[in-house]
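Take a look at the structure set out below.
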Protein chains: 2
Amino acid sequence: MSQKVFVSAQEVADRAGVSRSAVSRTFTPGASVSPETRRKVLEAADALGYHVNHLARGLMRNESGIVCLIVSDLATPHRSGMIKVLTQELQHSGKIAMLVNTDLSDGSVDLALRQAIHYRADASIILSGMPDKSIAQLCLKSGQRLVLINRDDEQDGPLRINLDDEEAAGRILIAFLRAGCRKLAFANSEAGTPSLMARENGFVAAARAHGLDVVVERYGWTGYESGRVLAQRLLTRNQRPDAVFCATDLLACGFMDAARHQFSISVPDQLCVAGFDDIEQASWASYQLTTFAQPLATIAREAVSWLESGPVANSEGRTSAIRLHADLVWRSSIRGG
Amino acid sequence: MSQKVFVSAQEVADRAGVSRSAVSRTFTPGASVSPETRRKVLEAADALGYHVNHLARGLMRNESGIVCLIVSDLATPHRSGMIKVLTQELQHSGKIAMLVNTDLSDGSVDLALRQAIHYRADASIILSGMPDKSIAQLCLKSGQRLVLINRDDEQDGPLRINLDDEEAAGRILIAFLRAGCRKLAFANSEAGTPSLMARENGFVAAARAHGLDVVVERYGWTGYESGRVLAQRLLTRNQRPDAVFCATDLLACGFMDAARHQFSISVPDQLCVAGFDDIEQASWASYQLTTFAQPLATIAREAVSWLESGPVANSEGRTSAIRLHADLVWRSSIRGG
DNA sequence: TTGTAAGCGTTATCAT
DNA sequence: ATGATAACGCTTACAA
C-alpha cells in the first residue's frame with residue numbers, strides 16, 4: 001500500500017561513518033560505545049530522523065514490548081477507567097498497549113488472544129470474558145503471560161487479580177441494617193460473571209446469617225437501562241424493598257433515577273441504595289452513591305509489576321492470585337453513616 | 001526475560017513435509033496453493049499451534065497492520081466512546097489498535113508519534129493535543145498516515161475530521177430564543193482547543209447577529225467539576241442568565257447539578273441548558289440534556305476508509321478535510337421543542 | 001571499543 | 001503449484 005520509507009540503521013551508520021552495530025549499540029541501553037561514536041551516531045540519527053524498528057528488534061530479542069489489552073464494554077466508566085490506569089502503568093514501564101475490543105463477535109476473546117500471539121505480545125491482560133482453556137494454554141506454553149482481572153478463574157498459570165466481593169457485600173449489609181433497613185433486594189444483570197455473582201451470593205449469604213431474606217432480580221446487560229428495568233420490577237412488588245444493593249454503579253444510577261423520577265421515592269429516606277465500582281458518576285450531586293471503590297491504581301501496579309518480574313517458573317508456571325480489598329466510599333444514598 | 005518459544009513456519013513445514021514457502025502461501029490470502037498441501041499445512045499448523053509472526057511479516061511487507069491511537073482523557077465518556085468505535089472499525093478492516101495515553105507528560109503527543117514510528121504503525125489517529133510540525137512531517141515523509149479528529153489543524157497532509165461547531169452553535173441559539181431566553185451565557189473550559197473555541201465563537205457571533213450579548217466564562221479542565229465551578233460563577237451574577245450553552249456535556253452535567261442542588265434553580269423552567277457530545281449521561285433521567293451528537297460511527301468509518309484507500313499522492317500528499325454535521329438531540333433541558 | 005557475520009521469521013522473486 | 005534463495009532491519013556473539 002503506502003510506500004513507507006523509514007530510515008534504517010545502515011543509513012545512519014553510513015552518514016556517521018561507523019558500522020551498523022555501532023548504531024545498534026548506541027540505542028541499546030547499557031551497551032559499550034565511546035562517547036565520540038555515540039555523538040556521531042546520535043547526530044546522524046537526528047538529522048535523518050532515524051527511529052529503531054521495534055518490529056525487527058522484537059524479532060531478534062524475542063520480546064516485543066507489546067502488551068495486549070482484551071476488553072469489552074470499552075466505553076463504560078469502569079472499563080475506560082481501568083484502561084486508563086493500565087496504559088499509564090504500562091507506558092511507565094516502557095511497554096506499549098495493544099487494544100483489542102471484544103464487543104463484536106462471540107468467542108472473540110480467543111480471537112483476541114490469537115492477535116496477541118500474532119504480534120508476539122509479551123503478555124495479555126484480560127478484562128472481559130474468559131479465554132478457552134486450549135488457547136490460554138497455548139499462550140502460556142509460548143511464554144506469553146496472562147493476567148485475568150476480576151475474572152476469578154480456576155486456571156493455573158495466569159495471574160488472577162480479584163476483589164473481595166463477598167466480604168464487601170457483607171459490609172454493605174451491615175450498613176443497611178444500621179440504617180434500619182430490613183426489606184432487602186439485590187439488583188443484578190444477567191451477565192453472570194464471577195465477580196457479579198460473588199457480590200450477589202455474598203449479600204444473600206450475609207443477610208441469611210442475620211435471618212433476613214433478599215429479593216434478587218436479574219436483568220439484561222450491566223448498564224444504566226437495566227438499572228431502570230430492575231427498579232421497575234423491584235419497586236412494584238407488594239413488599240417494596242427499603243434497601244437495594246446494585247451489582248454495579250451503572251445499575252445503581254439507573255435504579256436511583258427510576259426510583260426518584262418514576263416512582264417519586266426519596267433516596268435515602270425511603271430507600272437506601274448502594275453500588276459497586278465507584279465510577280465518576282457515583283460522586284455526582286444527582287447520585288451521591290455509597291459504593292465500593294475498585295483499587296484501580298493497585299490493580300494496574302500489581303499487574304504490570306508481575307509482568308516485569310523475572311521469568312515464570314517453567315515448571316507449570318507458579319499459580320499466582322491476588323485478592324484486593326474494596327474500600328467503602330460513604331455518600332448519602334444510605335441513611336446514617 | 002520470559003523464554004518465549006513460538007512455533008515457526010519452518011517447524012510447520014517440516015511436520016507437513018513441505019517447504020517454508022508453502023506454509024507462507026497457505027496463510028497468505030489469494031496465494032496459489034493446492035488443496036492438498038493446504039490441508040497438510042493447516043493440519044500441522046493446528047497441531048503445533050502455529051501463528052504467523054506479524055512482526056516478521058510487517059518487516060517484509062513493510063506494513064505492520066498497526067494503527068496508533070493517541071489519546072488523552074481516556075476515561076471520559078466521549079473519548080472512550082470514540083475509542084470504542086475506532087477499535088471496532090479498525091478490527092473490522094483487519095487492523096489492530098495500539099493505544100498511547102498522553103495524559104502524563106507534556107509534549108507527549110510527540111512522544112506518542114515516536115512510538116508509532118518505532119512500531120512502524122501504518123497510521124496514527126490523534127484525538128488529543130497537537131503534534132509538533134516537525135514530527136508530523138517525519139511521519140508523513142516516512143509514509144505514515146495521520147488523522148486528526150476534532151483538531152482543526154492547518155497542516156497539510158493529514159486527514160482532518162471536524163464537526164461544524166459554529167453552525168451547531170447557531171442552531172442552539174435559535175432554540176434558546178424560541179424558548180424565550182434572552183440572557184445568554186456560555187460555559188467553557190480553559191483548554192482552548194479549536195473545537196471548543198469554535199463552539200464559543202459561533203455562539204457569541206450568532207447572538208450578536210441577533211443583537212444579544214453573551215456572558216462567557218472559562219474555567220479549568222473540561223470536566224464535571226469545572227461545570228460546577230462555572231455554575232457558581234455564572235449563577236451568582238446580578239443578571240442571572242436564563243440560558244447556558246456548555247461547551248461539552250460533562251460541563252453541562254456539572255452545571256445542571258449545581259444549578260439544581262446548590263441554587264435550587266429549576267431546569268428548564270428557570271434556566272435552559274444545552275451541551276455538546278451526547279454522552280450517555282446526557283440521556284439519563286437526571287439530566288435529559290439537549291445536546292449535539294458526535295457522529296461517532298461516521299467519524300470512525302471515514303477515518304478508517306481513508307486509511308484503506310490507496311497510497312496518498314506522494315506529491316505533498318493531497319490535503320483532505322472532512323466537515324461533519326452534528327445532529328441536535330432534543331431533550332427536556334430546554335423549554336418547548 | 002569496534003567491525004564482521006550470523007540469524008530472527010517472514011515474504012517475494014525466480015526457477016522448476 | 002512448488003521449492004530454493006535473497007531480502008527486510010535489527011541484535012549479538014565473536015574476532016580484531
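Keep in mind it's a predicted model, so treat the numbers as computed, not measured. The sequence lines fix the lettering, A, B, ..., with proteins before strands; numbering per chain opens at 1.
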Thinking salt bridges, do B:Asp152 and B:Arg160 make one under a 4.0 Å N-O criterion? no
Axis-to-axis angle across the helix from C:dT1-D:dA16 to C:dT16-D:dA1, five pairs an end, to 10 degrees? 30°
Apply side-chain contact (heavy atoms from CB on, under 4.5 Å) to B:Val12 and B:Val41, showing your working. CA-CA 7 Å; B:Val12 177; B:Val41 169; 4.2 Å; yes
Round to a whole Å and report the spacing from CG of B:Asn53 to C1' of C:dG9. 6 Å
Using atom NE2 of B:His118 as one end and atom P of D:dC10 as the other, report the distance to the nearest whole Å. 10 Å
Reckon B:His51 touches a base, only the sugar-phosphate, or nothing at all at heavy-atom distances under 4.0 Å? sugar-phosphate
Just do the side-chain contact (heavy atoms from CB on, under 4.5 Å) check on B:Ile125 and B:Val67 with the steps written out, would you? CA-CA 7 Å; B:Ile125 300 180; B:Val67 173; 4.0 Å; yes
A:Asn150 side chain reached by A:Leu163 side chain, heavy atoms, under 4.5 Å: yes
Test salt bridge (charged side-chain N to carboxylate O under 4.0 Å, His left out) on B:Glu36 and B:Arg39 and set out the steps. CA-CA 5 Å; B:Glu36 178 54 13; B:Arg39 193 192 53 72; 3.2 Å; yes
Atom CZ of A:Arg61 to atom C1' of D:dG9: distance rounded to whole Å? 13 Å
From CG of A:Leu55 over to P of D:dA7, roughly how many Å is that when rounded to an integer? 21 Å
Would you jot down, in residue-number order, the residues of residues 5-30 of chain B having a non-hydrogen atom under 4.0 Å from DNA chain D? B:Val18, B:Ser19, B:Arg20, B:Ser21, B:Ala22, B:Arg25
Stepwise side-chain contact (heavy atoms from CB on, under 4.5 Å) check, B:Gln144 with B:Asp122: CA-CA 5 Å; B:Gln144 234 199 40; B:Asp122 297 335; over 6 Å; no
Rounded off to whole Å, could you give me the NZ-to-C1' distance for the B:Lys4 and C:dG9 pair? 13 Å
From CG of A:Asn62 across to P of C:dG9 the rounded distance in Å is 7 Å
Grab the CE-C1' distance between B:Met60 and C:dT11 for me, whole Å please. 4 Å
B:Glu63 CD to C:dT11 C1', straight-line distance once rounded to whole Å: 13 Å
Between B:Leu59 and B:Ser32, which residue's closest nucleotide on DNA chain D lies nearer the 5′ terminus? B:Ser32
For A:Glu11, side-chain contact (heavy atoms from CB on, under 4.5 Å) partners two or more places apart: A:Val7, A:Ser8, A:Leu48
How about A:Arg79 and A:Ser72: does a side-chain donor come under 3.5 Å of a side-chain acceptor? yes
Considering only distance and modelled atom types, tabulate donor-acceptor pairs under 3.5 Å from the side chains of residues 49-56 of chain B, sequence neighbours left out.
from	atom 1	to	atom 2	distance (Å)
B:Asn53	OD1	B:Leu55	N	2.8
B:Asn53	OD1	B:Ala56	N	3.3
B:His54	ND1	B:Val52	O	3.4

Which residues in residues 34-50 of chain B have at least one heavy atom lying under 4.0 Å from any atom of DNA chain D? B:Ser34, B:Thr37
Apply the test side-chain contact (heavy atoms from CB on, under 4.5 Å) to residues A:Asn101 and B:Gln91: give CA-CA distance (whole Å), side-chain angles for both, the deciding distance (0.1 Å), then the verdict. CA-CA 8 Å; A:Asn101 182 339; B:Gln91 287 173 214; 3.4 Å; yes
Under the side-chain contact (heavy atoms from CB on, under 4.5 Å) test, residues paired with B:Ser142 that sit two or more places apart: A:Phe6, B:Leu138
